Amino acid sequence: MMSSEDDQRSQALAKPAFSEAQACALVESEFGFQVSEIQPLPSYDDQNFRVRVSRTGDAAGGPTEYVLKISNTESSKTPDLIEVQSHVAMFLHEAGFPTASVCRPKGGGVTSLVSVGPGEAMGPWIRVSLAPGPGEAVGPWIRVSLGPGSGTLPSFRPDSGSRTKSHVVRLLTFLPGRPVAEVPVGPRLLYEIRRLAATLDKTLEEFHHPKLRCLRRENFIWNLKNVPLLEKYLDALGQDRNRELVEQVIRLFKDEVTAKLSHFRECVNHGDLNDHNILVEPSESASGDAVFRVSGILDFEDMSYGCYVFEVAIAIMYMMIESRDPLGVGGHVLAGFESVIPLTPAERDALFLLVCGRFCQSLVMAAHSCRLHPRNAEYLMITAKTGWKHLQQMFAVGREAVEEIWFSTAKSYESGVSL
């Protein structure tokens, strides 16, 4: 069972725990940059740092701010998947989307596989995999000392049976802007963001990569078709009304969504276009009013093959979190998406339960992760602050009434009323 003591221990150790000094050493040894400033960033189960580098000589005109992404040990077991996700971000960047560009390691490729080992007299060490040669699964290794005083990493305690842990590492350009969660979100921004999301999904129809099959993540817990897999994590909720509500959603999902999945159009989903993964900057409209434009799309780690309607449902759920009118946002989101990709009747019919299913995924997995990483509870429980209330409200108001709000609002855009 996922809740066993051994499993909790192994998953708790999966999240990286690099110090700032160790992260600096990694940037300097693998990417060749001298770090002048470094700042930890919040994250779910990976580790991120914002770094500023000093550039001199021929490189003086390049970017100076980056995000160092250190994947957890579980994700790092599938480096091909992370490679594809990185190439997707690069493809979208070249297509004009505000995604980060990838800084290539000195050894080539788009990622590095890093192993960390325990401290010795010279300090703890890192092994960095260089670009693989023909026919090689991984490249040759170089060993980099972090120097005395850097401290040992909690992630290599030997109780998991190994004294080293491996992490995939990337360096991405830093994107400007504030998360949507931190700005007032009106109908126009909801519409424009989801129009962008639909355009992104449409653009990915043209993406090709020899390892694209990696995105067929059949048992990936965050794929919206896998809501029934939440049953194995329900112990994290205890025995209360919230658990009963989740169990109800799962039963309805199995009966009314799972059986109809073949009727939904398939595509590659970003999978996590939430209010913290979309950045915006202030702009000015033709009328002189202050508006926002999207300046960044973050976090492709939940990318997988899904369906167009999944992207809409995920968007509605997360835009509800911070809204003063949570039930009202869905129509604006739907209108924006359907301005590019109109949903079919079958897809529209499933939308209510898909939104409820995403609420359940976020709330249940947050509770589960808090048991494993209690120190990260503040970040993990962002959705839970209002999520349970919104999910309960959806059921209290009723499916038919909620759908009427969404669909009538979306229809009003046909005459430009809501804009």
Side-chain angles (χ1 to χ4, degrees), residues 2-20 22-23 26 40-50 67-86 89 100 111-116 153-157 160 162 165-172 179 181 214-215 217 219-224 226 229-230 232-233 235-237 269-277 298-304 314 318 358 360-384 387:
M2 297 301 294
S3 59
S4 69
E5 182 178 350
D6 288 342
D7 185 77
Q8 288 193 28
R9 181 184 299 116
S10 65
Q11 291 196 37
L13 292 175
K15 180 165 180 160
F18 282 66
S19 69
E20 294 179 15
Q22 291 159 347
L26 184 56
L41 296 173
S43 61
Y44 195 87
D45 53 9
D46 296 325
Q47 192 175 20
N48 301 326
F49 292 92
R50 178 179 179 177
V67 173
L68 175 68
K69 295 186 70 68
I70 306 173
S71 297
N72 65 70
T73 55
E74 291 303 309
S75 297
S76 297
K77 293 176 182 177
T78 55
D80 286 351
L81 174 61
I82 298 176
E83 178 187 339
V84 171
Q85 292 165 345
S86 299
T111 66
S112 292
L113 186 63
V114 173
S115 286
V116 290
L153 298 176
S155 59
F156 36 88
R157 290 173 184 159
S160 64
S162 173
K165 300 292 178 185
S166 295
H167 303 277
V168 170
V169 174
R170 290 168 288 169
L171 192 66
L172 311 176
C214 292
L215 296 182
R217 307 165 72 180
N219 294 314
F220 180 48
I221 194 61
W222 290 105
N223 190 303
L224 200 42
N226 289 329
L229 297 183
L230 293 174
K232 68 178 75 173
Y233 300 95
D235 285 347
L237 300 180
N269 287 148
H270 175 283
D272 197 18
L273 285 173
N274 65 53
D275 50 344
H276 288 269
N277 284 338
L298 309 177
D299 194 358
F300 288 80
E301 278 69 28
D302 285 354
M303 178 168 283
S304 66
I314 292 168
Y318 283 116
R358 185 56 168 199
C360 291
Q361 285 179 317
S362 183
L363 294 166
V364 172
M365 295 311 297
H368 172 72
S369 296
C370 276
R371 298 172 70 182
L372 305 179
H373 311 294
R375 293 182 179 179
N376 202 26
E378 182 177 357
Y379 180 82
L380 294 171
M381 297 301 286
I382 288 175
T383 300

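The model shown is predicted, which means the values in this text are computed figures rather than measured ones. The chain is numbered in sequence order, starting from 1.
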Exercise for the section: Of all the heavy-atom pairs spanning L26 and F18, show the shortest one and how long it is. Expected result: CD2-CE2, 4.4 Å

Practice task
For residues L229 and N219, report the shortest heavy-atom separation together with the two atoms involved.
Solution key: CD1-O, 3.8 Å

Problem - Between CD on residue Q85 and CG on residue D302, distance to nearest 0.5 Å - result: 8.0 Å

Handout entry: Side chains of L237 and V364 in contact at under 4.5 Å (non-hydrogen atoms)
Key = yes

Handout entry: R358 backbone acceptor or donor facing S362 side chain under 3.5 Å
Key = no

Handout entry: Sub-4.5 Å side-chain heavy-atom contact between Y318 and D272
Key = yes

Handout entry: Heavy-atom side-chain proximity of W222 to M365 below 4.5 angstrom
Key = yes

Handout entry: Pairwise distance CD1(I82) to OG(S76) - rounded to 0.5 angstrom
Key = 5.0 Å

Exercise for the section: Decide yes or no for Q47 and H167: does some side-chain heavy atom of the first lie under 4.5 Å from some side-chain heavy atom of the second? Expected result: no

Completion exercise
For P40 and F49 the tightest heavy-atom approach is CA-CD2, 3.8 Å

Problem - Atom pair CG (N48) and CD1 (I70), whose distance is rounded to the nearest 0.5 Å - result: 8.0 Å

Handout entry: Nearest-0.5 Å distance, SG of residue C360 to OH of residue Y233
Key = 15.0 Å

Handout entry: Minimum-distance pair of heavy atoms, taken over all atoms of D45 and P16
Key = O-CD, 3.8 Å

Fill in the blank from the handout: Rounded to the nearest 0.5 angstrom, the CG-CG distance for N274 and D299 is 7.5 Å

Problem - Donor-acceptor contact below 3.5 Å, side chain R170 vs main chain S71 - result: no

Problem - Under the side chain to side chain contact (heavy atoms under 4.5 Å, CB included) test, residues paired with L298 that sit two or more places apart - result: L175, N277, L279

Practice task
Report yes or no: does D46 contribute a side-chain atom to a donor-acceptor pair with the main-chain N or O of N72 at less than 3.5 Å?
Solution key: yes

Practice task
Give a yes or no answer on whether the side chain of Q361 reaches the backbone of I221 with a donor-acceptor pair at less than 3.5 Å.
Solution key: yes

Exercise for the section: Would you indicate whether the side-chain heavy atoms of V169 and T111 approach each other to under 4.5 Å? Expected result: no

Practice task
Could you list the residues that satisfy salt bridge (charged side-chain N to carboxylate O under 4.0 Å, His left out) with D275, not counting sequence neighbours?
Solution key: none

Handout entry: N269 side chain near M303 side chain, heavy-atom distance below 4.5 Å
Key = no

Practice task
With the side chain counted from C-beta on, respond yes when T78 and R217 share a heavy-atom pair under 4.5 Å apart, and no when they do not.
Solution key: no

